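See structure below.
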Amino acid sequence: MRAKTKMIHGGITGDEQTGAVSVPIYQVSTYKQDSVGNHRGYEYSRTGNPTRHALETVIANLENGEAGFAFGSGMAAISSVMMLLDADDHILMTDDVYGGTYRLMTSVLNRFHLDHSYVDTSYPDKVEAAIKDNTKALYVETPTNPLLKITDIQKMAEIAKKHDLLLIVDNTFATPYWQQPLDLGADIVLHSATKYIGGHSDVVAGLVVVNSTDLAERLHFIQNSVGGVLGPQDSWLLMRGIKTLALRMEAIEANTKDIVAFLQGHEKVSTIYYPGLADHRGHDIATKQATGFGGMISFDVGNGERAEQVLERTNYFTLAESLGAVESLISLPAKMTHASIPADRRAELGITDGLIRVSVGIEDSADLIEDLQNALK
Ligand SMILES: *Cc1c(COP(=O)(O)O)cnc(C)c1O
């Protein structure tokens with residue numbers, strides 16, 4: 001089954017009992033047992049819920065994995081994956097990981113002695129040099145936010161294999177429609193499903209897919225023990241989102257290409273970060289490991305004052321954090337998503353005050369371009 005068909009017919013479709021073509025929302029916490037210990041596959045909804053199970057099955061299918069897991073947020077998913085590690089283990093991570101992941105590692109899990117450090121994973125030799133005796137996992141985000149840096153997943157898998165590390169990939173920006181990290185050698189792929197998978201700015205959720213029965217058993221044990229599960233209504237919303245994921249991603253990418261072309265010709269725009277551009281440092285790897293470049297663009301307008309003016313003047317680009325929705329969003333990383341990162345560290349990473357990030361939606365690209373044109377005047 002090809003990806004577009006999987007989004008409609010993959011996993012569990014409809015309801016056997018009634019013939020309903022949509023999976024019912026099983027709004028239930030507990031299940032009748034026919035005799036003591038003799039149940040029909042479900043006992044208690046933290047352990048398993050039929051609606052959540054249908055979602056977990058379709059995401060496992062889409063990522064070509066062994067099993068899927070749905071959590072109450074991307075951060076709940078990431079935290080649960082981190083619990084596969086032990087105290088005093090070291091995890092090596094992409095240096096510009098999502099801010100929430102950075103906070104989890106440096107302000108929460110550090111208290112449980114989970115040792116971690118950051119490296120620019122877009123340079124494989126730097127990754128190898130940063131491996132320590134107690135390194136047990138490699139955590140990669142690609143493309144990254146907001147500079148859309150690309151890491152070679154296959155290269156990371158080679159390094160992980162050589163040093164016996166678990167390779168974990170945050171695939172939020174690419175989505176399983178464009179990029180399947182497990183096929184490239186990763187052990188675990190995870191998503192903030194709040195973004196493209198949900199796709200409509202109406203649900204907060206996280207998804208994980210693992211590539212082995214061993215990891216599936218261990219992560220299910222953690223999911224059931226820690227309990228950060230996704231509820232049945234939100235599980236249903238994600239399944240609804242997945243049905244149009246291919247269509248949305250195609251529409252978003254077509255719009256993104258039009259907007260990039262417009263920005264390239266604009267005198268007030270200096271650097272443009274988009275992996276689809278031939279001069280982007282990660283362009284060749286992005287072309288090799290993904291079938292699309294996505295819908296995120298960052299561009300520099302020179303200074304913070306001008307950037308803020310642009311953000312205040314757009315009509316169709318909503319000024320908001322988050323990304324990956326049908327509506328276009330615009331943000332200023334230095335003052336919003338990345339404000340908690342110290343200014344010198346931001347400068348090191350290349351996140352300037354004039355850097356604007358847009359998440360392109362599915363509106364008419366001509367309207368989106370006019371909107372940016374007016375705001376940049
Ligand atoms: C948003 C995001 C997260 C966190 O997900 P939540 O659903 O907000 O908890 C993790 N990784 C990336 C790349 C994200 O964009």
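Keep in mind that the numbers below use all heavy atoms, side chains included, and drop hydrogens, waters and symmetry copies. The shown structure was predicted, so the numbers you read here are calculated from the model rather than taken from an experiment. Just follow the structure's listing: the first ligand is 1, and inside any ligand the first atom is 1.
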Between the side chain of Asp187 and the main-chain N/O of Leu167, is any donor-acceptor distance below 3.5 Å?
-> yes

Can you find a side-chain donor-acceptor pair between Tyr31 and Ser45 that sits under 3.5 Å?
-> yes

Report yes or no: is the cationic atom of Arg357 (NZ for Lys, CZ for Arg) closer than 6.0 Å to the six-membered ring centre of Phe317, at no more than 45° off its axis?
-> no

What does the N/O contact table under 3.5 Å look like for ligand 1?
unit_1	atom_1	unit_2	atom_2	d
ligand 1	5 (O)	Ser192	OG	3.0
ligand 1	7 (O)	Gly74	N	2.9
ligand 1	7 (O)	Ser192	OG	2.8
ligand 1	7 (O)	Thr194	OG1	2.6
ligand 1	9 (O)	Gly74	N	3.0
ligand 1	9 (O)	Met75	N	2.9
ligand 1	11 (N)	Asp170	OD2	2.8
ligand 1	15 (O)	Lys195	NZ	2.7

Would you verify whether the NZ or CZ of Lys149 falls within 45 degrees of the ring axis of Tyr123 while also being under 6.0 Å from that six-membered ring's centre?
-> no

Heavy-atom neighbours of Lys288 NZ exceed 12 at 6.0 Å | yes

Are Lys32 and Asp34 ion-paired here, with the side-chain N under 4.0 Å from a carboxylate O?
-> yes

